[in-house]
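Take a look at the structure set out below.
In this text the structure is predicted, and so the values were computed from the model without any measurement. All residue numbers refer to positions in the sequence shown, counting from 1.
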Amino acid sequence: MMKQKKKDIIKSLAINSKDVGSAEIQIGLLSQKIERLAEHFKKFKKDKHSTIGLNKSVNRRKKLLSYLKKNNIDSYNQVIKKLNLRK
């Protein structure tokens, strides 16, 4: 099930057919990981080791978003809209 979600994210955000590692895709995959960890924390509130991983993922996504905003504003706006990140 996880592999299918990953393939769907890659397919929806890919720039071309062979694209598997662009900033857009990395942001999408990190967003999926962050959502999964958020669900995990609803059940296991005291899991501090996973909290560190969540913080690293959030910071990495933030850096990738700022990079994308600086270099390709159209792609940035498209990713924000598709992933529903900002209000």
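- Taking 4.5 Å as the limit, some side-chain heavy atom of Asp8 sits within range of a side-chain heavy atom of Gln4.
- Ile73 places a side-chain heavy atom less than 4.5 Å from the side chain of Lys69.
- Rounded to the nearest 0.5 Å, atoms NZ (Lys46) and OG1 (Thr51) are 12.5 Å apart.
- Between the side chain of Ser66 and the backbone N or O of Lys63 there is at least one donor-acceptor pair closer than 3.5 Å.
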**Asked** After noting the C-alpha distance and the side-chain angles of His49 and Asp47, does the key distance pass the side-chain contact (heavy atoms from CB on, under 4.5 Å) rule?
**Response** CA-CA 6 Å; His49 293 287; Asp47 187 356; 4.1 Å; yes

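- Under a 3.5 Å cut-off, the side chain of Lys82 and the backbone N or O of Ser12 do form a donor-acceptor pair.
- Following chains of ILVMFWY side-chain contacts shorter than 4.5 Å, one can reach Leu13 starting from Val20, so the two form part of one hydrophobic cluster.
- Note that CD of Glu35 is 12.0 Å distant from OG of Ser57, once rounded to the nearest 0.5 Å.
- Between the side chain of Ser75 and the main chain of Asn72, no donor-acceptor pair closer than 3.5 Å is present.
- Pairing each heavy atom of Ala23 with each of Leu68, the nearest pair is CB-CD1, 4.2 Å.
- Across all their heavy atoms, Ser31 and Arg61 have their closest contact at OG-NH1, 3.1 Å.
- Under the 3.5 Å distance criterion, the side-chain polar atoms of Glu24 are left unmatched by any main-chain donor or acceptor of Val79.
- Of all heavy-atom pairs spanning Leu54 and Ile34, the tightest one is CD1-CG2, 3.9 Å.
- Residue Tyr67 qualifies as open at atom OH: its count of foreign heavy atoms under 6.0 Å is 12 or below.
- Both Ile10 and Ile80 are part of a single hydrophobic cluster, where members link through side-chain heavy atoms under 4.5 Å apart.
- Scanning both residues, Gly28 and Leu83, for their nearest heavy atoms gives CA-CD1, 3.7 Å.
- Distance NE2/His40 to NZ/Lys33: 12.0 Å, rounded to 0.5 Å.
- Under the 4.5 Å side-chain criterion, counting only non-hydrogen atoms from C-beta, Asp19 is not in contact with Lys11.
- Nearest heavy-atom pair across Gln26 and Gly21 is NE2-O, 2.8 Å.
- A salt bridge links Glu39 to Lys42: one of the charged nitrogens lies within less than 4.0 Å of a carboxylate oxygen.
- By the 4.5 Å heavy-atom criterion applied to side chains, Tyr76 and Asn71 are not counted as neighbours.
- Two residues are said to be in side-chain contact when any heavy atoms from C-beta on lie closer than 4.5 Å; Gln32 and Leu29 meet this criterion.
- Looking only at side-chain heavy atoms (C-beta outward), Leu65 and Leu85 come within less than 4.5 Å of each other.
- Nearest heavy atoms, Leu30 versus Leu64: CD1-CD1, 3.9 Å.
- To the nearest 0.5 Å, atom CZ of residue Arg86 and atom CG of residue Asn77 are 10.5 Å apart.
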